[in-house]
Number of protein chains: 2
Amino acid sequence: MIKVLLAEDQVMVRQGLKAMIETDEEIEVTGEADNGRQAVVLCEKQLFDVAVLDIRMPEMDGIEAAKVLRSRFPHLKILMLTTFDDNQYIMDALKVGVSGYMLKDGDTESLIRSIKSAIKGGLSLQDQVAAKVVPELLKTEEQESIDPTLTPRERAILKCIGEGLNNREIAERLGLSVGTVKNQTSQILDKLALRDRTQLAIYAIRHRLV
Amino acid sequence: MIKVLLAEDQVMVRQGLKAMIETDEEIEVTGEADNGRQAVVLCEKQLFDVAVLDIRMPEMDGIEAAKVLRSRFPHLKILMLTTFDDNQYIMDALKVGVSGYMLKDGDTESLIRSIKSAIKGGLSLQDQVAAKVVPELLKTEEQESIDPTLTPRERAILKCIGEGLNNREIAERLGLSVGTVKNQTSQILDKLALRDRTQLAIYAIRHRLV
DNA sequence: TTACATATATTACTTTAGTCATTTTTTCTG
DNA sequence: CAGAAAAAATGACTAAAGTAATATATGTAA
């Protein structure tokens, strides 16, 4: 039997959710809370498998509560529930490490499916939510392609610069003389049309060489 | 009626999928292909709403095909189908902009749900897939908190260094003398226990100051 | 007001980075 | 093997970065 804690400040919504959840005979709502703080207190007294938290609650909101619960009860799975598909909320929740994020206007089956999936280590994202959040996450992933005229040696040096090494350290690591490293660095600066190693380091990081 | 193109090299699997998909009376498989190239050719002749592509196919794989289809037929929604939940594949597919990524061992309903969701602009990620890929994407998002002992001025200078400015440029931008900028930089180096401005630039970027 | 802290500036100095012309060494290729 | 091409090294130089001690203004709390 899956024990669920339901935290939601609007009583009617909470009762509706409880009824929805308990249509499944493997799941049981064994705790209810009006806000995040109450949810945390309840978790200290009772054992739950899954906590379903509304994002917007008085006193302590869902994100805060999730953060606390994640650190104190690592095995507890957390599902966020909201009417808003606000990007920032989604990001925050994902960073905390919740097991799912669903909109309240979802249907009974998907809520139940999410609870069961959370137990198995899955992460439930409703399709509209995923469609919003994944492109957002990918933004930081994109990297412009690195200048192809750089030789492997030059790339190696550029990488070292991106790690913050000075010329002597680079020379040691690559088995070159300091003078050679300087010369190569000049070459790289030339090819990339940059001015100094600081700009090279920035370039290296932005192009994910390091 | 939703018109679906099904690209999958194993005939039996393809027929199985077709049967599964067509249990829904709103969806119809109006095209079948053995590989990515054929899929592209078919799309040039016929109009489809959704293309379901196997990742692994001879001649042209699903990712390649997806790339081509996305650029030539922007309104066509693409779902990737695979037996492997390989991280790299998922990333590649998401970067191309597919509308979903599902494992072949999924059930009929979820496949149909994904097709319908794709039409509406959703992005279907099975829970196991999302659980793998989202933490991966978040990795690059994390930023350690910046040293709180830095003064606002020092932060401003650090930011400038992170943009690749030299001391003269920083002095101009902030209305200081070059000497002051140097002194402040020394201060920052001291506080952050770093050695030179290159390492400062790296710090600035990693901490999302720039 | 005194005294103290803070921010900025100045000066003089050392070290590192970067440029450039030239040479040496290595590697490849006919 | 000869000779060209590429990679690495040298040395001499300039410019920029970084250090450190000290000076000057400005505001603020005792």
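These values consider heavy atoms only, across backbone and side chains, with no hydrogens, waters or symmetry-generated copies. Chain A is the first sequence line, chain B the second, and so forth, proteins listed ahead of strands; every chain is numbered from 1.
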Item to check | Toward the 5' end of DNA chain C, by each residue's nearest nucleotide, G179(A) or V178(B) | outcome: V178(B)
Checklist entry - Within the structure, does a side-chain N or O atom of R168(B) lie under 4.0 Å from either OP1 or OP2 of dA15(D)? => result no
Checklist entry - Per the salt bridge (Lys or Arg N to Asp or Glu O under 4.0 Å) rule, which among E44(A), E64(A), E59(A) passes with R37(A)? => result E59(A)
Item to check | Distance in angstrom units between L165(B) CG and dA16(D) P, rounded | outcome: 14 Å
Checklist entry - Would you say K116(B) has more than 12 foreign heavy atoms packed within less than 6.0 Å of its NZ? => result yes
Item to check | dT8(C) phosphate, OP1 or OP2, under 4.0 Å from Q184(B) side-chain N/O | outcome: yes
Next on the checklist: So does R56(A) get a backbone contact from the side chain of D61(A), meaning a donor-acceptor N/O pair under 3.5 Å?
Outcome noted: no
Checklist entry - Taking CD from Q199(B) and P from dA17(D), how many angstroms apart are they, rounded to a whole number? => result 16 Å
Next on the checklist: So, OP1 or OP2 of dG18(D): does either fall under 4.0 Å of a side-chain N or O from S186(B)?
Outcome noted: no
Next on the checklist: Please pick, from dG18(D), dG18(C), dA8(D), the nucleotide with the shortest atom-to-atom distance to any side-chain atom of D196(B).
Outcome noted: dG18(D)
Checklist entry - Roughly, in whole Å, what's the span from CD1 in I157(B) to C1' in dA9(C)? => result 13 Å
Item to check | Over 12 non-hydrogen atoms of neighbours within 6.0 angstrom of NZ in K191(B) | outcome: yes
Checklist entry - Given atom CG of L176(B) and atom C1' of dA7(C), what is their separation to the nearest angstrom? => result 9 Å
Next on the checklist: Does a side-chain N or O of N167(A) approach OP1 or OP2 of dT16(C) to a distance below 4.0 Å, or not?
Outcome noted: no
Next on the checklist: For the backbone of L165(A) and the side chain of E169(A), can you confirm whether one donor and one acceptor N or O come within less than 3.5 Å of each other?
Outcome noted: no
Checklist entry - Under 4.0 Å between a side-chain N or O of T180(A) and OP1 or OP2 of dA8(D)? => result no
Next on the checklist: Please tell me if N166(A) has a side-chain N or O lying less than 4.0 Å from either OP1 or OP2 of dT16(C).
Outcome noted: no
Next on the checklist: Just the rounded figure in Å: distance from C1' of dT16(C) to CZ of R195(B).
Outcome noted: 10 Å
Checklist entry - Would you say a side-chain N or O of R197(A) is under 4.0 Å from OP1 or OP2 of dG18(C)? => result yes
Checklist entry - Between K182(B) (NZ) and dC13(C) (C1'), how many Å, whole number? => result 10 Å
Checklist outcome for this item: From CD1 of I170(A) across to P of dA9(D) the rounded distance in Å is 14 Å
Checklist entry - What is the distance, rounded to the nearest whole Å, between atom CZ of R153(B) and atom P of dT26(D)? => result 16 Å
Next on the checklist: What's N183(B) touching, base or sugar-phosphate or nothing? Going by heavy atoms closer than 4.0 Å.
Outcome noted: base
